[in-house]
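For reference, the structure discussed in these notes is given below.
First the proteins, then the strands, lettered A, B, ... as listed; each starts at 1.
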Number of protein chains: 4
Amino acid sequence: MSTAPETERRIREAAFRALVKHGYASLSLTDIGEELGQNPSIIYHYFDDKDDLLLSMIDVFVDIFVDERTEQPITDAEDELRMIIDQILHPQPDHVHKVMSSPPENIETAVSRVFVELWAHAIWDDDFRCETTEVENSLREILTRTIRTGMERGEFRSVNPELTAEHIFFLLKQGLHTHATTNRAAIDRVHTLVNQIVDELSTDKQSECLGA
Amino acid sequence: MSTAPETERRIREAAFRALVKHGYASLSLTDIGEELGQNPSIIYHYFDDKDDLLLSMIDVFVDIFVDERTEQPITDAEDELRMIIDQILHPQPDHVHKVMSSPPENIETAVSRVFVELWAHAIWDDDFRCETTEVENSLREILTRTIRTGMERGEFRSVNPELTAEHIFFLLKQGLHTHATTNRAAIDRVHTLVNQIVDELSTDKQSECLGA
Amino acid sequence: MSTAPETERRIREAAFRALVKHGYASLSLTDIGEELGQNPSIIYHYFDDKDDLLLSMIDVFVDIFVDERTEQPITDAEDELRMIIDQILHPQPDHVHKVMSSPPENIETAVSRVFVELWAHAIWDDDFRCETTEVENSLREILTRTIRTGMERGEFRSVNPELTAEHIFFLLKQGLHTHATTNRAAIDRVHTLVNQIVDELSTDKQSECLGA
Amino acid sequence: MSTAPETERRIREAAFRALVKHGYASLSLTDIGEELGQNPSIIYHYFDDKDDLLLSMIDVFVDIFVDERTEQPITDAEDELRMIIDQILHPQPDHVHKVMSSPPENIETAVSRVFVELWAHAIWDDDFRCETTEVENSLREILTRTIRTGMERGEFRSVNPELTAEHIFFLLKQGLHTHATTNRAAIDRVHTLVNQIVDELSTDKQSECLGA
DNA sequence: GATGAATGAGTATTCATTCAT
DNA sequence: GATGAATGAATACTCATTCAT
């Protein structure tokens, strides 16, 4: 059997790690080759060019966050919601290891950096922009579905599920973004805010609302 | 007085416009020189190097969003809050023109792009990181101060002003970020969510909470 | 018998077609592999390297223009001469098909291009130079022989057969060359000039004309 | 005064010499830089890219063969014709030195090589093709004009001046071509043939000869 | 015989930066 | 203060060639 698909995956993971190390603006194919432990020219056997390779790295995101969730039946809506939130804010090595054979060392930092860099590139490249939009749609969809299910089962209060999902999603993204781009520890603050929202959803109290 | 400070400002603005056009990763001094209408080597009379110039562009942000507000006395807290929010989500040409003599054409897009690009670069450069952190601190401080003032005057409900300010600030940033990096019209959605929070602050109603 | 000689010929023809398509300077083994419909590395089973393969393409020329003529007895000198001229200026698909199983589409263009490219390469490569010299010698020899035969039989006026052959040959080559390398329709002009020479040969006027 | 035009000319001449040394197919900007004694990147200050530089080398041809002749009044048609022929077949260092400050060593070889290489490239590049066509038109025009003038003054027999000029021109080109691409000494042979034609032109025999 | 994965040397081109004027 | 000529290091990408299968 051909080793090709394995090699393609190894290149993608090497690119991921190299991106975490060097950043988009100064990421060279040489860097990727070094991370890969092979001559960079091999990249052209598996990808059209640098952009094609980097574009494919959004797939790594999909692998980590989206794929497995889309088809899963929901058992407990609140548990499910909290688990999704947790996995985005604190990606676990075990989970990441399922989709990457050699993940970078500090996964939390790695994921937030790559998120910020790839999304930033989407400003300039339509293909990237399509992918980022789609990934976001999928994740928002998962959140929306979970909230709606919770409402239908009476676990959650009656809210606009799309808007609430979007609210949560904005905060999650911003947690990663602020974590990667400032000296502030933003993830815990976001966790607090998002927990409030989930708490609100699952209490039948009428008061104590967001930001309070 | 020499024309030097004027030239320095012109260079900074040219760099700003060039960044809006080309993006950080592919921004060359040639691009900036073209935007400036002068030979790019003049940049070295006013800045140490490319990084120094780009770092100084965060100052443009400070000029636009922070400076004038820090010392202003607050008259009406809710008005003030809504105005700050509006100015971040929809920067007005008139206002920007006060701090830039030749602003780029589409200011809303320009500001969100530059925000995303400069912050992304802060991942890799400690000097940038200090600046981004500081700018965010200032803006959060303004929001916090406004909320606290509103509370003290009885205009707003009693909340944790730091946390609420942070909540609003996360959403505002994410509005710009999503606007710049996906195909979704995120700014209006963010406006809706933030308005809800401000509404909550200024009503004494006990019900109808976030996302509802 | 093994299929090897057949494969070797197929490779040579593929190289010929690829050369017609891409030109010497930008002809890659990948191009040849594509034309061949096979993996380019197979070439190394039949040829030492790229140069060796391209050198062998001169043989295709020999196959087309020289081989069959060298041993043929001459029946009518003028007819023969006009036929040779015609075949060089307007190679017929039928005739080419005898030596190539998959000739390129526009043979006239193909032949002139390959002639110009291979001969140009002969500037730099002694092996090529030997081959081009030899092919030219053979063709000039055929022309000379035909003219001499015509003279001996009284069909042609008395001229210097080597010089006249060379004169005709120069013009024929230049027809192909100008056809391939400029926007001018040179072949018909050459035909006119060469016909004049042949006419002169076969008239019984005594006037000493050019080439005599 | 700026040194720029001087540098541009130096680059063009270096490219000319490098082309004579290495040939089109294996001519790298590094080669040209070496010939120039400077870093190859300087080329991009004066030319768009490699093709632009090489295209400009046809101008060197125009400088050598065409320019000075176009406006000169003709004194003696036969002398003039023989001089043009001589200058193409045997370019003199003195003459070349007028348009190149550092010509290559063996000018005869250099000119024929560059002619063959540039013309060969015209097969694939329309810009080259335009230039080659134009240069040829100019040279043919000069020959035609000289022959026509000779006829009008009664120095030459009555012939078709265009066709005779073309005849001569074909032979001259083929002299250079054969000289560059085979092991045969073709230039003298061509000289003999062309001299015959000119002799024919200036004899007063009435017999209708070629080109008439 | 034939494939295709892998290599590494080489190529055109870009770009921040320097420096003489 | 401002220019623009010049540099050299770095970069993406290509391609002939090898070799294990």
Whole angstroms only, please: what is the [atom1]-[atom2] distance between [X] and [N]?
X: D:I42; N: F:dA6; atom1: CD1; atom2: P; value: 4 Å
X: A:D52; N: F:dA12; atom1: CG; atom2: P; value: 15 Å
X: C:I32; N: F:dT14; atom1: CD1; atom2: P; value: 18 Å
X: B:R10; N: F:dG1; atom1: CZ; atom2: P; value: 13 Å
X: A:H22; N: F:dA10; atom1: NE2; atom2: P; value: 13 Å
X: B:L36; N: F:dG1; atom1: CG; atom2: P; value: 14 Å
X: C:F47; N: F:dA16; atom1: CZ; atom2: P; value: 15 Å
X: A:I43; N: F:dT11; atom1: CD1; atom2: P; value: 13 Å

Would the distance check show the side chain of [X] and the main-chain N or O of [Y] forming a donor-acceptor pair, the cut-off being under 3.5 Å?
X: B:R9; Y: B:M100; answer: no
X: C:R113; Y: C:V20; answer: yes
X: C:T181; Y: D:T132; answer: no
X: A:E13; Y: A:S102; answer: yes
X: A:D52; Y: A:D49; answer: no

Map every base of DNA chain E to its dot-bracket character, where paired means a Watson-Crick or G-U wobble contact with both distances under 3.5 Å and | marks a partner outside the strand. .||||||||||||||||||||
Let me know which of D:W124, D:F61, D:Y24 forms a ring pair (Phe, Tyr, Trp, His ring centres under 6.0 Å) with D:W119.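 Single ring pair (Phe, Tyr, Trp, His ring centres under 6.0 Å) partner of D:W119 among D:W124, D:F61, D:Y24: D:F61.
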Using the salt bridge (Lys or Arg N to Asp or Glu O under 4.0 Å) rule, pick out the option among D:E34, D:E35, D:E105 that qualifies with D:K21.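 The option that passes is D:E35.
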Given F:dG1, E:dG1, E:dA5, which nucleotide is nearest the side-chain atoms of B:Y46?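 My answer, after comparing the listed nucleotides, is F:dG1.
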Nucleotide nearest C:T7 (side chain, heavy atoms from C-beta), chosen from F:dT7, E:dA6, E:dA2: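 Nearest listed nucleotide: E:dA2.
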Let me spell it out: for each of C:Q38 and A:Q38, pick the nucleotide of DNA chain E with the closest heavy atom. Which residue's pick is nearer the 5' end?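 Of the two residues, C:Q38 wins.
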Per-nt protein contacts along nucleotides 13-21 of chain E (heavy atom under 4.0 Å; B base, S backbone sugar-phosphate only, - none) come out as BBSSBB---
Drop me the distance from A:C130's SG to A:D127's CG, to the nearest 0.5 angstrom.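 If I round to the nearest 0.5 Å, the distance is 6.5 Å.
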What's the shortest heavy-atom distance between B:D51 and B:F128, and which atoms?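 Minimum heavy-atom contact is O-CE1, 4.2 Å.
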